[in-house]
There are 2 protein chains.
Amino acid sequence: MIRILLVDDHPVVRAGLRAMLGGFEEFDVVAEAAEGAGAIREIERLATLGEPVDVVLMDLQMGAGMDGVGATRRIRAMPTAPPVLILTTYDTDADILAAVEAGASGYMLKDAPPEQIRAAVQAAAAGETALAPEVAARLMGRIRNPAPALSAREIELVELLATGLANKAIAKKMFISEATVKTHLVHIYDKLGVDNRTAAIAAATARRIIRGPA
Amino acid sequence: MIRILLVDDHPVVRAGLRAMLGGFEEFDVVAEAAEGAGAIREIERLATLGEPVDVVLMDLQMGAGMDGVGATRRIRAMPTAPPVLILTTYDTDADILAAVEAGASGYMLKDAPPEQIRAAVQAAAAGETALAPEVAARLMGRIRNPAPALSAREIELVELLATGLANKAIAKKMFISEATVKTHLVHIYDKLGVDNRTAAIAAATARRIIRGPA
DNA sequence: CACTGGATCAACCGATCGGTTGACCGGCGC
DNA sequence: GCGCCGGTCAACCGATCGGTTGATCCAGTG
């Protein structure tokens, strides 16, 4: 029996996973948590009971409190850390990279068919890595065809851009001249494949280069 | 018994709703669909069987094909249209207004406690309107505070604005002249207390008038 | 019926932005 | 050492945007 901890802020999703996984004989959903802090408490509680969690199923987007990436990092830092399988809605590059960097051992999408999720949980429990086919394909594509990455300075500028500042104001905040701001912008437009500042914000947000405005 | 049709592109969420609603004696989940077209087929199929759907539980965000708003509009246009209760993740003005305009009889959030969802489904089945407390509060605030509220047309424009379109492109999409776009923009800037388009996007996102760009 | 407010359009002008060209400097790799 | 690249700056010009004034139409409301 593989003992599973569900972490998701939506009761509906937790019920769905519980129902879906409960249909498989080898799984036992032993606990649930709505956010990161509760997940860590559950892991510790079950460990002292001699029934340690075998796999954590973690959502990335959680409203209040610690987010999925932070929770994953914290869990992986525990002495007897169980593998963490990410189960989320979005498959953006930034999300995937952040999750892997935080120590996740897999990345699945919520709209995956049950058998795929089953295989991923089994893989994670066995200490293996499991990526959803879509996610794997994305990473392969990225390696083969790397999108032009924004430099640190350019990302900094895009973040200010998204707050609605004009070029002059951005220049002041970044301690550079307005001319330099414009130069950076041209490079940014080029890399993102757009031709104006609002489209740049949309593109940068879509690619999760920045988080949404305000 | 209230016969329910679930419409959501995520198998996990459908399973969750099925499990949650199945726990209540008065509910019977008679069918599921992953998108709008399938939902309409199911409604027609069940009607011919003499077991018409009493309530449709509909997600707004659906990857491929018809989205929730379009599906709702199509369903409400049917001769024996069942009430449609929206069950979604986001509570932005744009989403809420679009859903209500399309004929939804309720708007609930997925992270709502089961009892709240239960009450909403019962209300919808009885032909009443059911709004999540958060949503209701938002609408109330809008009514009480008429000053800083964008009109439906203005919200529509802000949404296009956030995708990065220029005035001319927005004009084309909205079937109005560029002059009118500019007039709307002036009013929008005024209401949001900003003085350029990027700041308007930031403000509109922060106030949850729209969801984040693209 | 007059009034208000939302939506539509036009003309105009100054400010800002988009795009180019060209330049200088400092670090990194071959 | 030389080339490449990221970061910095300047000048210029056409396109777009911001802001104003003024106007028409229509749907509610008092």
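A, B, ... follow the sequence lines: proteins, then strands. Residue 1 opens every chain. Below, all heavy atoms of this structure are taken into account, side chains as well, without hydrogens, waters or symmetry copies. Since the model is a prediction, treat every value here as computed from it, not as a measurement.
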Checklist line | Candidate pair V55(B) and I2(B), rule side chain to side chain contact (heavy atoms under 4.5 Å, CB included), full reasoning | finding: CA-CA 7 Å; V55(B) 175; I2(B) 298 175; 4.1 Å; yes

Margin query: Nearest 0.5 Å, please: how far is CE in M108(B) from CZ in R118(B)?
Written below: 13.5 Å

Notebook entry, point to check: What is the distance, rounded to the nearest whole Å, between atom CD1 of I155(A) and atom C1' of dG7(D)?
Noted result: 15 Å

Write out a two-atom table: protein N or O, nucleotide N or O from nucleotides 22-24 of chain D, distance below 3.5 Å.
none

Next item on the list: Could you say whether N167(A) or K182(B) is positioned toward the 5' end of DNA chain C, judged by the nucleotide with the nearest heavy atom to each?
Entry: K182(B)

Next item on the list: With DNA chain D as reference, determine whether L185(B) or H184(A) sits nearer its 5' end, using the nearest nucleotide of each.
Entry: H184(A)

Notebook entry, point to check: Salt bridge check: are E32(B) and R18(B) linked by an N-O gap of less than 4.0 Å?
Noted result: yes

Notebook entry, point to check: Would you call K191(A)-E154(A) a salt bridge at under 4.0 Å N-O?
Noted result: yes

Checklist line | Residue pair T183(B) / T180(B), side-chain donor-acceptor N/O under 3.5 Å | finding: no

Checklist line | Salt-bridge criterion met for E44(A) and R41(A) (N-O under 4.0 Å) | finding: no

Notebook entry, point to check: Are any of the side-chain nitrogens in R14(A) or D9(A) under 4.0 Å away from the carboxylate oxygens of its partner?
Noted result: no

Next item on the list: Provide the start and end nucleotides, 5' to 3', of the part of DNA chain C that has atoms under 4.0 Å from heavy atoms of chain A.
Entry: dC17(C) to dT20(C)

Note to self: Check this for me, if you would: do K110(B) and D8(B) make a salt bridge, where the nitrogen-to-carboxylate-oxygen distance has to be below 4.0 angstrom?
What the structure shows: yes

Next item on the list: Mind checking the CD-CG spacing from E156(B) to L161(B)? Nearest 0.5 Å is all I need.
Entry: 13.0 Å

Check: Within the structure shown, what part of the strands sits under 4.0 Å from S177(A) by heavy-atom distance: base, sugar-phosphate, or nothing?
Finding: sugar-phosphate

Check: Any donor and acceptor pair, going by atom type alone, linking the side chain of S105(B) with main-chain N or O of V84(B) inside 3.5 Å?
Finding: yes

Next item on the list: Assign each of L165(A) and V186(A) to its nearest nucleotide of DNA chain C by heavy atoms, then name whichever residue's nucleotide is nearer the 5' end.
Entry: L165(A)

Check: Looking only at heavy atoms, which two atoms of A33(A) and L5(A) are closest? And how far apart?
Finding: N-CD1, 4.3 Å

Next item on the list: Work out how much the helix from dC1(C)-dG30(D) to dC30(C)-dG1(D) bends between its end axes, five pairs an end, to the nearest 10 degrees.
Entry: 40°

Next item on the list: For L157(A) and dC9(D), give me the distance from atom CG to atom P, rounded to whole Å.
Entry: 12 Å

